[in-house]
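Structure record follows, encoded as structure tokens.
Both ligands and their constituent atoms are indexed starting at 1 by order of listing.
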Amino acid sequence: MNIHEYQARDLFEKFGVAAPRGKMASTPEEAEIAARELGIEKLVVKAQIHAGGRGKGTFKNGYQGGVHAASTPAEVKEIAAKMLGQTLVTHQTGPAGRVVRKVYIAEAAGIEKELYLAILLDRAKSAPVIIASTEGGMDIEAVAAKTPERIFREPIHPLLGIQPYQARKLAHALGLKGQQFSQATKLIQAMYRLFVAEDCSLVEVNPLVVTKEGNVLALDAKFNFDDNALYRHAEVVALRDETEEDAREVEASKYGLNYIGLDGNIACLVNGAGLAMATMDNIKYFGGEPANFLDVGGSATKEAVAAAFKIILSDKQVEGILVNIFGGIMRCDIIAEGIIAAVQETKLPVPLVVRLEGSNVEIGKKLILESNLPVISADSLADGAQKIVAAVKEGKAA
Ligand code: ADP
Ligand code: MG
């Protein structure tokens with residue numbers, strides 16, 4: 001799960017990570033009031049979307065940049081009016097872009113130097129790792145590709161936590177001295193406490209800046225939370241912005257379905273993550289492109305299967321469906337009932353291939369056969385994948 005920058009700012013404050021003051025607004029009028037309440041002369045107006053690269057982004061209405069400086073409340077209002085309700089395209093949003101529904105009005109920092117700081121999980125080391133670089137404000141992937149020696153990595157022992165010497169090592173790697181050195185070590189340790197306490201999988205500050213006054217501040221913030229730990233962070237869940245998430249994924253999560261939207265045209269409905277991966281591999285192997293990953297789980301109900309079908313069909317890119325079920329705890333007849341109910345309700349605008357195996361497979365197959373619905377039956381995973389790829393090709397040719 002992700003959050004917005006203005007929400008991240010609140011978490012920074014709670015844990016003592018220094019960052020500029022600011023206020024969120026969702027209308028130009030609110031933005032003007034926020035600017036007045038902040039009572040600061042030098043401000044920035046920042047588009048709030050769950051994607052980076054805003055500074056260099058472009059709005060579809062032609063307005064350049066999702067981060068703008070302003071010096072009066074009237075100017076803040078004017079900029080907010082140009083951003084709100086508009087679609088911002090950045091290198092992270094893809095060509096579709098994201099609609100800006102909120103802006104963040106923040107104190108403008110006089111920037112002397114832009115640095116990079118992030119904490120994430122290093123799965124190979126089975127530990128959190130802090131990444132620091134003097135090359136802040138730009139695409140860190142590009143820095144890693146061109147000048148990897150400018151990226152400093154410090155793994156943290158998961159049980160011992162961050163040691164003061166490690167924070168000093170990082171501050172040193174950032175080239176900081178004196179007051180900035182001690183501010184940075186404090187900020188790094190506070191950020192690590194936040195990372196652990198809130199079960200983050202990523203906290204990225206790009207840029208971390210040294211101001212003209214000589215202070216060290218986190219100017220931007222990107223957070224990822226571990227979804228498996230959200231149950232113990234109700235206050236984080238409350239920050240969720242569903243308008244920023246894939247509508248299909250939000251709907252699927254209501255039924256306990258594991259759904260991830262992809263770019264292809266063959267939808268899959270499978271039970272078990274491993275089987276879902278194998279199904280996608282097979283579709284690709286036989287020349288198709290999966291439209292989604294969908295694991296209905298081991299104990300899905302007839303209703304969940306029907307809901308899964310509707311989510312799949314709400315995706316306009318879908319030109320065919322492959323159902324691949326291995327009945328274990330989940331019985332094939334239950335799946336068959338769900339499929340029949342969904343097909344009858346949706347009138348099935350695209351070809352459907354069903355492969356059932358395992359518990360009650362005979363009953364399941366019989367139910368589908370007797371329903372007289374236009375379902376193509378398959379006997380193995382490879383057979384199913386070939387049949388759906390062929391059916392989609394035929395559909396296109398027709
Ligand atoms: P993104 O990463 O989405 O482009 P950032 O928050 O990093 O958004 O902002 C882009 C750039 O805008 C920063 O690198 C910085 O130069 C400038 N900027 C952002 N926030 C402030 C601020 N509070 N004061 C001054 N400059 C800022
Ligand atoms: Mg940034």
Does the distance from a Lys or Arg side-chain N to an Asp or Glu carboxylate O, for Glu362 and Lys366, drop under 4.0 Å? no

Report yes if the side chains of Ile283 and Cys268 come closer than 4.5 Å at any heavy-atom pair, otherwise no. yes

Starting from atom 26 (N) of ligand 1, find the nearest protein heavy-atom neighbour and note its residue, name and distance. Ile111 CD1, 3.6 Å

Just checking, is any N or O donor in the side chain of His50 or Asp241 under 3.5 Å from an acceptor N or O on the other one? no

Given the Mg ion (ligand 2) as the apex, I'd like the angle to O of Asn206 and OD2 of Asp220, rounded to 10 degrees. 90°

With a 3.5 Å cut-off and no angle check, do the side chains of Glu213 and Thr211 form a donor-acceptor pair? yes

Non-hydrogen atoms of Lys46 versus ligand 1: any pair closer than 4.0 Å? yes

What's the shortest distance from atom 9 (O) of ligand 1 to any protein heavy atom, and which residue and atom give it? Val67 CG2, 3.7 Å

In sequence, state the C-alpha distance, the side-chain angles, and the governing distance for Lys284 and Glu289, and then conclude on salt bridge (Lys or Arg N to Asp or Glu O under 4.0 Å). CA-CA 6 Å; Lys284 278 216 118 154; Glu289 286 293 333; 3.2 Å; yes

A student checking ligand 1 against Gly52 at a 4.0 Å heavy-atom cut-off should list atoms 3 (O)

Looking only at protein heavy atoms, identify the closest one to atom 2 (O) of ligand 1 and say how far it is in Å. Asp220 OD2, 3.0 Å

Are Val100 and Leu43 connected in a single hydrophobic cluster, I mean Ile/Leu/Val/Met/Phe/Trp/Tyr linked by side-chain heavy atoms less than 4.5 Å apart? yes

Is there a polar contact between ligand 1 and Ala106, counting only N or O atoms under 3.5 Å apart? no

Which ligand 1 atoms does Gly53 reach within 4.0 Å, using its non-hydrogen atoms? 1 (P), 2 (O), 3 (O), 4 (O)

Would you mind checking which non-hydrogen protein atom is closest to atom 18 (N) of ligand 1, with the distance to 0.1 Å? Leu219 CD2, 3.8 Å

Are there over 12 heavy-atom neighbours, none belonging to Tyr192, within less than 6.0 Å of that residue's OH? yes

Protein heavy-atom partner closest to atom 8 (O) of ligand 1 - residue, atom, separation in Å: Arg54 NH2, 3.1 Å

Pair Glu357, Asn324: side-chain N/O donor-acceptor within cut-off below 3.5 Å: no

Heavy-atom contacts with Gly55 under 4.0 Å: which atoms of ligand 1 show up? List them by number with element. 1 (P), 4 (O)

Does ligand 1 have any atom that is closer than 4.0 Å to a heavy atom of Lys42? no

For ligand 1, which atoms sit closer than 4.0 Å to a heavy atom of Glu114? 13 (C), 14 (O), 15 (C), 16 (O)

Does atom CD of Glu41 have more than 12 heavy-atom neighbours, drawn from other residues, nucleotides or ligands, at distances under 6.0 Å? no

Kindly check if the number of other-residue, nucleotide or ligand heavy atoms within 6.0 Å of NZ (Lys365) is above 12? yes

Which ligand 1 atoms does Pro207 reach within 4.0 Å, using its non-hydrogen atoms? 7 (O), 13 (C), 14 (O)

Nearest protein heavy atom to atom 11 (C) of ligand 1: under 4.0 Å? no

Atom 24 (N) of ligand 1: nearest protein contact (heavy atom, Å): Ala109 N, 2.9 Å

Among all protein heavy atoms, pick out the one at the shortest distance from atom 23 (N) of ligand 1; state its residue, atom name and that distance to 0.1 Å. Glu107 O, 3.0 Å

Hey, is ligand 1 close enough to Lys56 that some N/O pair sits below 3.5 Å? no

Are there more than 12 heavy atoms of other residues, nucleotides or ligands under 6.0 Å from atom CD of Gln163? yes

